[in-house]
Amino acid sequence: MKKLRKKSGDWFFGMSGLQTFLVSAAVILLICFIDKFHAGKSWIPTYGQHILVNCLLSAVLALGLNFVSGYLGQTSLGHAAFYGLGAYTTAIVLKYTEISFWITIPLGMLIAALASIPLAMASLRVRGQFLIVITYAFCEILRYVAINTQAFGGTGGIPGLTAPELFGVKLTKIAASNKGGYMILLFLIVSAVAYFSWRIEHSRVGYAFAAIREDEIAAVAMGINVRYYKVLAMMISAVICSVAGSIQAVFASMVSPELFSSTKSIQILTMVVIGGRMSIKGMILGGALLTILPEIFHSVKDLVGLSFDPWMILYGFLLVSMMRFCPQGIWGKKAEKEDE
């Protein structure tokens with residue numbers, strides 16, 4: 001048992017989870033506050049900080065989907081729906097009421113959890129490509145509802161959302177740049193979700209998830225309540241993704257129906273596949289790669305003056321290569337077994 005805990009606690013370069021958290025926290029704080037200690041040009045470009053915030057948002061989404069596509073082994077193309085529900089809940093409440101932003105986060109979590117129940121119930125009766133179609137359709141339905149509902153802003157969405165305040169200080173004023181507050185907040189959320197995922201994975205619930213993933217019929221024969229655990233996994237996953245949506249709404253100062261797009265769902269699933277299912281550090285890596293690489297290749301396109309987007313070519317090549325040479329992902333289950 002001690003060996004198992006030690007291995008599970010090894011995150012990056014042999015560091016434990018606590019050491020990883022402390023080192024990462026020091027790096028985030030340095031990025032957020034380094035420009036306060038000199039009067040010259042910013043050392044960390046605003047664009048770079050913007051990408052880092054998106055990396056953290058992507059990590060939250062990947063960690064959320066990992067409960068369904070990783071721990072349960074089911075494929076979902078509808079998790080942009082929960083992302084969008086969190087964002088729209090925050091935007092609508094902020095636009096039409098005087099409720100604090102921090103209250104909208106649990107409201108979004110509640111709505112996402114309730115919306116995940118029918119989707120989870122559907123997963124009890126179908127699997128494989130049929131589940132993919134159902135989750136995809138669920139996401140598209142919400143997108144068309146957002147487009148055709150005037151209260152939701154229609155195709156234009158809801159703009160003009162203001163930054164939230166924490167103890168009377170706007171989140172954009174906490175650090176040296178207006179992105180720093182979001183970085184700190186999202187880093188804490190990623191850390192909390194990662195720790196929660198690790199605890200679930202090494203609990204009775206996690207063992208039940210593993211049993212269902214490996215052989216659902218055998219799990220039923222062992223007395224595991226498959227219905228309960230499938231619904232639970234979907235609800236946890238939805239709640240986590242909705243938190244990322246709430247933060248995204250105020251970070252971008254607006255929401256739009258594109259948050260519900262199937263492209264976003266595919267992107268989230270790709271993060272999980274590339275990073276490695278069931279791997280917490282793989283989710284963080286997958287989120288970072290699928291955020292940074294498109295930005296790099298979009299810049300190459302502008303610099304060279306290409307008439308096409310090189311990222312789309314690399315994206316397809318990357319997926320084919322991963323499926324052929326590393327189907328478990330960069331830090332997936334197979335890699336962890338080899339390390340042991």
Side-chain angles (χ1 to χ4, degrees), residues 3-17 20 55 58-79 123 127-129 131-132 135 190 193-203 205-219 229-230 233-234 236-237 240-241 264-294 311 314-340:
K3 182 179 179 182
L4 174 63
R5 287 180 179 175
K6 183 178 180 181
K7 278 291 181 183
S8 299
D10 289 343
W11 275 49
F12 299 100
F13 308 111
M15 292 191 297
S16 69
T20 303
C55 286
S58 297
V60 176
L61 291 170
L63 286 166
L65 180 57
N66 191 44
F67 278 89
V68 172
S69 293
Y71 297 143
L72 275 188
Q74 297 181 323
T75 302
S76 169
L77 281 182
H79 270 61
S123 71
R127 63 185 66 187
Q129 66 270 29
L131 180 60
I132 294 174
T135 53
V190 170
V193 174
Y195 180 70
F196 174 74
S197 300
W198 184 84
R199 289 300 300 267
I200 288 289
E201 184 180 351
H202 298 91
S203 68
V205 175
Y207 298 145
F209 287 163
I212 296 170
R213 180 184 67 248
E214 297 301 328
D215 193 327
E216 186 173 329
I217 296 176
Y229 285 109
K230 280 190 173 183
M234 186 66 77
I236 293 174
S237 183
I240 293 172
C241 290
K264 187 64 180 180
S265 291
I266 294 171
Q267 183 186 27
I268 300 170
L269 180 62
T270 306
M271 295 173 191
V272 175
V273 172
I274 291 179
R277 297 172 189 251
M278 296 175 288
S279 171
I280 296 171
K281 56 189 177 184
M283 298 304 100
I284 298 173
L285 175 65
L289 286 177
L290 265 294
T291 301
I292 295 173
L293 289 178
W311 164 243
L314 177 68
Y315 181 67
F317 178 76
L318 181 63
L319 288 180
V320 172
S321 300
M322 289 297 298
M323 294 300 99
R324 174 61 181 86
F325 300 106
C326 192
Q328 297 298 330
I330 297 173
W331 258 323
K333 186 178 179 182
K334 182 177 180 181
E336 290 177 355
K337 285 184 177 179
E338 289 175 352
D339 289 342
E340 294 178 0

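Counting begins at 1 with the first residue of the sequence.
- Shown here for Gly64 and Ser237, the closest heavy-atom pair between the two residues is O-OG, 2.6 Å.
- Residues Leu65 and Met283 fail the side-chain proximity criterion, which asks for heavy atoms closer than 4.5 Å.
- For the residue pair Glu201 and Tyr71, the shortest heavy atom distance occurs at OE1-OH, 3.4 Å.
- In this structure, OG on Ser197 lies 12.0 Å from CZ on Arg199, to the nearest 0.5 angstrom.
- In this structure, Leu318 and Leu289 have side chains that are not in contact, with every pair of non-hydrogen atoms separated by 4.5 Å or more.
- Going from atom CG of Leu77 over to atom CD of Gln267 covers 12.5 Å, rounded to the nearest 0.5 Å.
- Here the CD1 atom belonging to Ile280 is positioned 11.0 Å from the OH atom belonging to Tyr195, to the nearest 0.5 angstrom.
- Under the side-chain contact (heavy atoms from CB on, under 4.5 Å) rule, Ile284 has a single partner from Thr20, Val190, Val60, which is Val190.
- Across all non-hydrogen atoms, the minimal contact from Tyr229 to Leu72 is O-CD1, 4.3 Å.
- Pairing each heavy atom of Ser69 with each of Ser76, the nearest pair is OG-N, 3.8 Å.
- To the nearest 0.5 Å, the span separating CD on Gln74 from CZ on Phe67 amounts to 14.5 Å.
- A 4.5 Å side-chain heavy-atom check between Glu216 and Lys230 finds at least one atom pair inside the cut-off.
- Under a 3.5 Å cut-off, the side chain of Ser58 and the backbone N or O of Thr291 do not form any donor-acceptor pair.
- The shortest side-chain heavy-atom distance between His79 and Val68 falls under the 4.5 Å cut-off.
- Considering CE of Met322 and OG1 of Thr270, their distance stands at 10.5 Å, rounded to 0.5 Å.
- Here Met271 contributes atom CE and Asn66 contributes atom CG; the two are 13.0 Å apart, rounded to the nearest 0.5 Å.
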